[in-house]
Amino acid sequence: MTVRTRFAPSPTGSLHIGGARTAIFNCLFARHAGGSFVLRIEDTDQTRSTQESIDEILDAMEWLGLNWDEGPFRQSERLDIYREHAEKLLESGKAYRCFVTPEELQDRRKEAQERGGVFRYDRKWAEENAGPDKPYAIRLLTPDEGTIEVDDALRGKVSFEATEIEDFVILKMDGFPTYNFAVVIDDATMEITNVIRGDDHLINTPRQALIYGALSLEMPQMAHVSMILGPDGKRLSKRHGATSVTDYRAEGYLPEAVVNYLVRLGWSFGDQEIFSLDELVEKFTLDNVGKSAAVFNPEKLEWLNSHYLRSKPPEKIAGLLIPLLNEKGIHSEVDEKLVKIVRELTQRAKTLNDIADSLDYFYTDQITYEDKADNKFFKPEILPVLEDITQGLTSLEDFTIENMKEVFERVMAERELKLGKIAQPVRVALTGGTVSPGIFEVMDILGKDEVLDRLNKAVSHISAK
RNA sequence: GUCCCCAUCGUCUAGCCUGGCCCAGGACAUCGGCCUUUCACGCCGAAAACAGGGGUUCAAAUCCCCUUGGGGACGCCA
């Protein structure tokens, strides 16, 4: 039997980090086995599902490189199928109509809660409000005793008491299936063989097992991975900050880093930390997936991102930078200059945004000096040194790094100064600040004319003090 | 409250299934040092964990039980 996995997000928001990891696991599992990866949109909540969410989720999946083989299927377009199966259950007496309104249920639930108790649906209420044209939901008739055993690939056998499970709704009054029902029907009809999903669904599994049983369908192999937690140990949510794939993309993270980070949350392969997508496909198995919850650690993601920033070809990074630069009003293209800048800045950046935010001085013709730098390095006694440097550089025919170094060394020797004493003032003159790539690299990127221009401006600035 | 799951450095984890090689390995972060032209990168080093208690065994991080802690679920949400 060929392996078929699926990812089934509900379009009620963006693609969450946890959902993304589930998607990655399912995708890798399918690829590893040479099977298929199916995408299904669980949009049975008419009030909360939106097209924008669907678009954003698909976009995020593509960005991550999680290509699906089939779909996206939408549950809202499969209503007939669910209805048909529900009718079948009705006919065989394994399900029944329930006329109790959601409102009444809600009231009873509230009531019970106020009394400090727990609400339990009672089968005998089913006929309340019954009438010829009265709307009804369909509930599954569940066993009153015994245990329901579920086999989980990660956790082994998990058993539940039948008394814990009441007759639950499978088809809502609006004709839409409930989550548990739709999942079963879809997984069965789409011939899904392996389901990898969040821990929070483990509790749903016995219900689904009951549906599989009532319909004489075979349940796929289940694997419940633990949740991703925030730093406070609570389930990761919006109040922890960025939680969606889109957020990280906007912050300048690379998809390789996000995938690499997420997959290592719960899965491991010995001591290895860095994995390419191909490598993941080759190495991913459920054997190496852990079962305890994992805390999301932004610093490690940052580290991975800076790793990929450094190891990807600068030309590629430059290309990714263009939209960010345009947004800043710096109109650039992937030219030699940008690539050189990227090659340098990539060494000291954690995100694409970091790079975009620290290259202004390469593209302005009016640099402003930081006060601290101005006061510290632009002292009168540095004036002759800067003049020497300027003069030396002016006479250079070939403005190569090698030749620049010679000029600096000559001045260093003549004035008996260490490179540090000269490089910092020059850096301030060229960049306005004290932090930048190597000074010769900066000059190389700027070019002779610009370097001379900035040096001269610094000289007159100091003279005017 | 009931039910389910989980438990190794601050964090992600290796080791656990198939006890001894583990006074517990790697990575991020932290702290030192080296390199150095600033910031980084890189390199070297340090500190840092088997939740607690009972068993089983010659021997337990590894197997069993209890406690504790954490998470999740109790919807005509998914």
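Between A/Lys291 and A/Leu229, the residue whose closest nucleotide on RNA chain B is further toward the 5' end is A/Lys291. The residue among A/Ile439 and A/Ser159 whose nearest nucleotide of RNA chain B lies closer to the 5′ end is A/Ser159.
Judged by distance alone, the side chain of A/Thr101 and the main-chain N or O of A/Glu104 form a donor-acceptor pair under 3.5 Å. A donor-acceptor pair under 3.5 Å is formed between the side chain of A/Thr5 and the backbone N or O of A/Asn26.
Taking a pair to require two hydrogen-bonding distances under 3.5 Å in either a Watson-Crick or a G-U wobble arrangement, B/A7 pairs with B/U68. A 3.5 Å limit on both hydrogen-bonding distances identifies no Watson-Crick or G-U partner for B/U57. If you check B/U38 for Watson-Crick or wobble pairing at under 3.5 angstrom, you find it has no partner at all.
Salt-bridge annotation for A/Arg6 and A/Asp186: absent, with no side-chain N of the basic residue lying under 4.0 Å from a carboxylate O of the acidic one. A/Arg108 and A/Asp122 are not joined by a salt bridge, as no carboxylate oxygen comes within less than 4.0 angstrom of a charged side-chain nitrogen. For A/Glu273 and A/Lys300, the salt-bridge test passes: some basic side-chain N is under 4.0 Å from an acidic carboxylate O. Looking at A/Arg239 and A/Asp232, a side-chain N of the basic residue comes within less than 4.0 Å of a carboxylate O on the acidic one, giving a salt bridge.
Side-chain N/O atoms of A/Thr178 include none lying less than 4.0 angstrom from OP1 or OP2 on B/G75. Note on A/Lys172: a side-chain N or O is less than 4.0 Å away from OP1 or OP2 of B/C77. Taking side-chain N and O atoms only, A/Arg310 has a distance below 4.0 Å to OP1 or OP2 of B/G42. Taking only side-chain nitrogens and oxygens, A/Arg235 comes nearer than 4.0 Å to OP1 or OP2 of B/A73. Between A/Lys234 and B/G71 there is a side-chain N or O to OP1 or OP2 distance below 4.0 Å. In this structure, A/Arg120 does not reach the B/G75 phosphate: none of its side-chain N or O atoms is under 4.0 Å from OP1 or OP2.
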List every contact pair, protein side and nucleotides 60-62 of chain B side both N or O, where the distance is under 3.5 Å.
none

Its contact letters, B for base, S for sugar-phosphate only and - for none at protein heavy atoms under 4.0 Å, make nucleotides 8-27 of chain B read ---SBSS----------BBB
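Screening A/Ile24, A/Leu28, A/Val225, A/Val289 against A/Ile196 for a side-chain contact (heavy atoms from CB on, under 4.5 Å) leaves a single residue, A/Val225.
A donor and an acceptor atom sit less than 3.5 Å apart, one in the side chain of A/Arg348 and one in the base of B/C39.
No side-chain heavy atom of A/His224 sits less than 4.5 Å from a side-chain heavy atom of A/Leu154. A/Leu210 places a side-chain heavy atom less than 4.5 Å from the side chain of A/Pro143.
Protein atom CD of A/Glu111 is 15 Å distant from nucleotide atom P of B/G75, rounded to whole Å.
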